[in-house]
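So the structure is just underneath, and the comments pick up after that.
Atoms within a ligand are numbered from 1 in the order they appear, just like the ligands themselves. Side-chain atoms are counted along with the backbone in the values below, which use heavy atoms only and exclude waters and symmetry mates.
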Amino acid sequence: MPSTVTEMAVSLWKNLLQTTKERILQQRRMSLYNGAHGYDEELLKKKLQQFVGGSINLFKEDNGIGILTLNNPKLMNAFTGTMMVELQERVTELENWKDGKGLIIYGAGNTFCSGSDLNAVKALSNSQDGMNMCMFMQNTLTRLMRLPLISVALVQGKAVGGGAELTTACDFRLMTPGSEIRFVHKHMGLVPGWGGAARLVRIVGGGAALQLLSGAAKVDPERALHLGLSEETLSSSDETRALEEAQAWLSQYTEGPASVIQAVKKVVTAGRELPVEAALRTEKDIFGTVWGGPANLQALVRRPKHK
Ligand SMILES: CCCC(=O)SCCNC(=O)CCNC(=O)[C@H](O)C(C)(C)COP(=O)(O)OP(=O)(O)OC[C@H]1O[C@@H](n2cnc3c(N)ncnc32)[C@H](O)[C@@H]1OP(=O)(O)O
């Protein structure tokens, strides 16, 4: 035990250092690419910072639901370089949100997102920059998908290109009347690069994914429902009403203590991503964090009937 004030300060400092180290290591584990893949994140961030505009805003509500706004309405919420960097920062903030349970991502100005800012894309069109941007966005969207929060993309207006890819990094998609999701990459001489193809196959299956990517077809709410790409078509396309509807929809799954909701998302993430034996072992470990915990003990006292 530290006895003097100096020893206590040193001990506190060591703890802080350890926590920071663990947090960085945790982020590396969650990410796909690092220096071993010839990827220099700091260098890319410096380049991205040159393409300024828009913002990614996060509001954490008291009920444990975070609202993330893609805010660049002049360009249909296209991702500038600074917005890519800000998205990564907001994801880090969400990874550290102890009381978080859910997340809604939506676009300002009643439209979702038109992908990467074509001005930045043009300036980063050499192969190395393109690969680095792709690794940066895959890292961020993989961490977004693995957040221990139940996430929803609220699709109003248009979700195009990288915007369509972003919707697939959420657990669920809700669409407003008249909205569309469209993987336009083929028409840009591209394929998805933000992880959208790999995730789309897992959501709608290989055949449907091939049709959506090779046809670059508009997916309206009806077709999205049919494909299992969307969970529900909301009744209102008004921005405020749609957000309220999305919050009400999500609240049916975020009712209860954060520790339990986060554990639910973690076991599903393990089941979704890991081979079965590794998923089972992870489930056992996560089970250990809730078994005998406060919510479990309170339930044993209440002995609710599940009729
Ligand atoms: C791996 C990532 C791959 C990618 O994301 S590649 C990028 C794919 N995205 C695109 O190609 C989107 C191109 N934009 C469009 O098709 C249309 O603007 C879109 C989104 C259907 C919306 O159409 P409308 O509703 O008619 O609106 P609009 O065309 O008048 O757009 C309003 C202003 O926003 C601009 N804008 C839209 N998407 C942009 C983008 N991605 N990058 C840069 N600027 C973009 C558009 O140029 C227009 O600006 P302005 O009023 O002409 O100055």
Quiz prompt | Heavy-atom protein contact below 4.0 Å for atom 37 (C) of ligand 1 | solution = yes
Practice problem: Measure the distance from atom 33 (C) of ligand 1 to every protein heavy atom, then report the residue, atom name and distance (to 0.1 Å) of the closest one. | Solution: Lys74 O, 3.4 Å
Quiz item: Considering only heavy atoms, which of Gln138, His185, Lys122 lies nearest to atom 3 (C) of ligand 1?
Solution: His185
Practice problem: Please indicate, with yes or no, if any protein heavy atom is found under 4.0 Å from atom 48 (C) of ligand 1? | Solution: no
Quiz item: With a cut-off of 6.0 Å (strictly less than), are more than 12 heavy atoms of other residues, nucleotides or ligands near NE2 of His226?
Solution: no
Quiz item: Which residue and non-hydrogen atom of the protein lie closest to atom 44 (N) of ligand 1, and at what distance in Å?
Solution: Leu75 CD2, 3.8 Å
Quiz item: Does CD belonging to Glu255 count more than 12 external heavy atoms closer than 6.0 Å?
Solution: no
Quiz item: Which protein non-hydrogen atom lies closest to atom 11 (O) of ligand 1, naming both residue and atom, and how far is it?
Solution: Met188 SD, 3.7 Å
Quiz item: Does atom CD of Gln49 have more than 12 heavy-atom neighbours, drawn from other residues, nucleotides or ligands, at distances under 6.0 Å?
Solution: yes
Practice problem: Give the residue, atom name and distance (to 0.1 Å) of the protein heavy atom nearest atom 4 (C) of ligand 1. | Solution: Ser116 OG, 3.3 Å
Self-check item: Under 4.0 Å to a heavy atom of Gly115 - the qualifying atoms of ligand 1, by number
Solution: 5 (O)
Quiz item: Can Asp117 and Lys122 be counted as an ion pair, charged N to O under 4.0 angstrom?
Solution: no
Practice problem: Scan side-chain atoms only and decide if Glu165 and Gln138 contain a donor-acceptor pair under the 3.5 Å cut-off. | Solution: no
Practice problem: Only heavy atoms count here, so choose which of Lys158, Arg182, Glu180, Met76 is nearest to atom 27 (O) of ligand 1. | Solution: Met76
Quiz item: Looking only at protein heavy atoms, which one is nearest to atom 13 (C) of ligand 1, and how far off is it?
Solution: Leu118 CD1, 4.0 Å
Quiz item: Within a reach of under 6.0 Å around CZ of Arg202, are more than 12 heavy atoms found that belong to other residues, nucleotides or ligands?
Solution: no
Quiz item: Could a heavy atom of Glu165 be found less than 4.0 Å from some atom of ligand 1?
Solution: yes
Quiz prompt | Arg143 with Glu95: basic N within carboxylate O range, under 4.0 Å | solution = yes
Quiz item: Taking Ile104 as the fixed residue, which of Ile67, Leu149, Thr69, Ile150 is the one that meets the side chain to side chain contact (heavy atoms under 4.5 Å, CB included) rule?
Solution: Ile67
Quiz item: Could Asp99 and Lys60 be called an ion pair, given the rule that one side-chain N must be under 4.0 Å from one carboxylate O?
Solution: no
Practice problem: Could you list the atoms of ligand 1 found under 4.0 angstrom from a heavy atom of Ala78? | Solution: 40 (C), 41 (N), 42 (N)
Quiz item: Just to confirm, does any protein heavy atom lie below 4.0 Å from atom 22 (C) of ligand 1?
Solution: yes
Quiz prompt | Residue Gln252 excluded, over 12 heavy atoms near CD under 6.0 Å | solution = yes
Self-check item: Residue of the set Phe183, Phe79, Phe136 for which ring-ring contact (aromatic ring centres under 6.0 Å, His included) holds with Trp194
Solution: Phe79
Practice problem: For atom 9 (N) of ligand 1, decide whether some protein heavy-atom distance is shorter than 4.0 Å. | Solution: yes
Practice problem: Around atom 16 (O) of ligand 1, find the nearest protein heavy atom and jot down its residue, atom name and distance. | Solution: Val160 CG1, 5.0 Å
Quiz item: For atom 29 (O) of ligand 1, is the nearest protein heavy atom closer than 4.0 Å?
Solution: no
Quiz item: Is there a protein heavy atom at a distance of less than 4.0 Å from atom 51 (O) of ligand 1?
Solution: no
Quiz item: Is there a nitrogen or oxygen of Gly162 sitting under 3.5 Å from a nitrogen or oxygen of ligand 1?
Solution: yes
Exercise. Provide, to 0.1 Å, the distance between atom 14 (N) of ligand 1 and the closest protein heavy atom, together with that atom's residue and name.
Key: Ser114 CB, 4.9 Å
Self-check item: Atom indices of ligand 1, in the order listed, that fall short of 4.0 Å to a heavy atom of Asp117
Solution: 42 (N), 43 (C)
Exercise. Establish whether Ile105 and Leu75 are linked, either directly or via other cluster members, by ILVMFWY side-chain heavy-atom contacts under 4.5 Å.
Key: no
